[in-house]
Amino acid sequence: MEIQPRSRRETRRLIFLIAPSLFWLLVFFLFPLVLVLAISFGQRGTYGGVEWSLSLQNYRRFFDPLYLRIFGRTLLIALTTTVICLVTGYPLAYFIATRPPRWRNGLLLLLMIPFWTNFLIRTYAWLLLLRDQGLINMLWTGGLHNALLWLSNTVPLPVWGRLLEATSTSLSLFGTNGAIIVGLVYGWLPDMVLPCYAAIERLDHSLVEAAQDLYANRVQSFLRVILPLTMSGVVAGSVLVFIPSLGAYVTPDLLGGAKSVMMGNVIYSQFMSARDYPFGAAISFVLMTVMLVGTLIYFRLGTES
Amino acid sequence: MSEQAVQLNRVSKKFGSVVAVNDVSLSIADGEFFSLLGPSGCGKTTTLRLIAGFELPTRGEVYIGQDLQGETPPYRRPVNTVFQNYALFPHMTISRNVGFGLEMRKLPRDEIQRRVSEALDMVQLPGMGERKPSQLSGGQQQRVALARALVNQPKVLLLDEPLGALDLKLRKAMQLELKALQHRIGITFVYVTHDQEEALTMSDRIAVMNGGRVLQIGTPEEIYERPANRFVADFIGETNFLEGQVTAGRPGEATVQVEDSLTIPVSADKAVGKRDVVTVAIRPEKISLHAEPPDDRAVAGVIEEVIYTGTDTRYLVRIGEQTIVTVRQQNVGVGEGASFLKGASIYLHWRLQSARLLTA
Ligand SMILES: Nc1ncnc2c1ncn2[C@@H]1O[C@H](COP(=O)(O)OP(=O)(O)O)[C@@H](O)[C@H]1O
Ligand SMILES: [Mg+2]
């Protein structure tokens, strides 16, 4: 068949049909992106505005050890968060997906219920748990300490001394990388569980039985059959957790205190307090590129295996 | 007697309140082609899964060879399964699929390669090793599933309706091929099917199941010619059932009153007494039709319907007042049409041992 040139009317109709989404993309995605890119090549004006230019100075500044360290920490926190979400979320998804069908939706609902509360409030709750006078430390230096006191008086043993000493001062949980990771894992765990669940639930169980029939023990059938066939869920879940973790702002702001800062906070401060829009824009762009490249590589690896 | 390959000893399996397998005992000899035959839901698959180790019996014992299996997991049992839907690993090539069992048993790489290609030759799929399962037809996937199981040289091969998804012609061809293959390699086959013709064609022995129980175990001929009860007689092939009361009972022979004016002669290998209510089973092809009574045991009847079915003609014959029996005669001649016409008065005759007394 010969390819007919599209009639003018048809072309016009096509343009008309894609116009709304094109408009949407242009106005709300591409235009801001180009604007940020343009700003990132500019310079900070004396009074906080942007002086347009074409310099790479902001990108050079990013490689300052100060920012590189924060960037490294951000990457580490995001990766740790993703790994923790994966090793806890996948087994949870597997557990739910292997329950009888009538249980599954209920269990998924239980997983989602906490997320009907605002993200800020949930993160704040962790602040109340983790800070020096928080609930965990109240139990540590209060309840547990008193219980140990009572025990050491009733059953004198040499171990009590060390434990009493440990529980006499509060744990510094707040303001650490650990606190941020706890908050992020809590926040993004469902984003890991749901895609994993979808993939595991789709898995044909007779394939697992076939593997066991062919002498694969539990570990082998997991590594050779279950995991490869649910890789799509693992990849999707990891990307869904990694990206917001890398760009996290609220969680490190609330739980990281003054000591632990992530790139999101640096960007925020460039825009809101330092008023250095061009540098903030440059950091945003670097972060975005890292996300994009990382995701692409990951997808490639995930679909190959 | 040859050694046993599988033995089930009073095995039951319950799923909640459903009794899927009910007090089943059977012993399968080494090298035998043994079929589990029965209608859907009768517990065939569950029985097979109990042997494979995917289910553990609620009660009773499973032996493979001389070994009591207890809670031995599937991956430690010397049996392999051909699954109903083949269950080929979609993310592996055909070679990796077939070599999976050998790989798990840590055989050297070159031996795996050699045995995989031998297995693919055996199922007539040489050179297909690099393809993925999705690139194969249903029949080819079925062969891969067979190769994947047989390459491990299991003591027993378990097959769950392996030909169920194939079209009729391919199924018939595969039946013969499977049977020949089994004969050649000498591995014990336990074969699940709901198709009685398939079971008769392929098996050395058949266990007929219904409602979780084994009703009869025997060679195809035994099952067909001497069904133990009404269910077996009905499920395997076609049968006329006539109910009545025993009027005279000599050893080996009896007469049964089906209607006031209709008595028929039967063979009786069980002791029956006068007035016992019994069921008589006669296969349609065991009855012959005659214009004149060949002897004093012939039963008079009238042809109600003549149905031409190609290889056979089926006659529906009324005997007595309201009893209808089916008679089947092979169409031996060419284009001669039916030997008897609708409405004709004729005589039915059968050998005594073809009319079997069933008590259940
Ligand atoms: N995992 C299970 N849970 C509950 N009931 C089951 C299960 N497997 C089989 N059954 C029931 O046991 C009976 C026998 O099933 P099955 O062995 O699959 O029969 P067949 O293979 O002869 O069709 C059926 O009533 C079926 O519903
Ligand atoms: Mg079945």
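As a basis for the values below, the full set of heavy atoms in this structure was taken, side chains included, without hydrogen atoms, waters or symmetry mates. Proteins come first, then strands; the chains are lettered A, B, ... in the order of their sequence lines, and each starts at number 1.
A pairwise comparison of heavy atoms in B:N80 and A:L214 identifies ND2-CD2, 3.7 Å as the closest pair. When all heavy atoms of A:A210 and B:A87 are compared, the closest pair comes out as CB-O, 3.8 Å. Counting all heavy atoms, side chain and backbone alike, A:Y215 lies closest to B:V79 at OH-O, 4.5 Å.
Summarising the local packing, CZ of A:R13 is surrounded by 12 or fewer heavy atoms from other residues, nucleotides or ligands at distances under 6.0 Å. Within 6.0 Å of the CZ atom in B:R114, the count of heavy atoms belonging to other residues, nucleotides or ligands exceeds 12. Remark: B:R96 CZ is loosely packed, at most 12 non-hydrogen atoms of other residues, nucleotides or ligands lying under 6.0 Å away.
Interface remark: B:L102 contributes no atoms to any contact with chain A (heavy atom separation under 4.5 Å). Looking at B:R49, the atoms closer than 4.5 Å to chain A (heavy atoms on both sides) all sit in the side chain, from C-beta outward. Using a 4.5 Å cut-off between heavy atoms, B:E103 contacts chain A through its side chain alone, with no backbone atom that close.
Here the CZ-CG distance, from B:F89 to A:L229, works out to 9.0 Å after rounding to the nearest 0.5 Å. Annotation: the span from B:Y75 atom OH to A:Q220 atom CD amounts to 9.0 Å, rounded to 0.5 Å. The distance from the NE2 atom of B:H91 to the CE atom of A:M231 is 11.5 Å, given to the nearest 0.5 Å.
Of the listed residues (B:R77, B:R105, B:R148), the greatest number of heavy-atom pairs within a distance under 4.5 Å of chain A belongs to B:R105. With chain A as partner, the option from B:A145, B:A52, B:P90 having the largest number of non-hydrogen pairs under 4.5 angstrom is B:P90.
Below 4.5 Å, heavy atoms of chain B meet heavy atoms from A:D204, all part of residues 190-205 of chain A.
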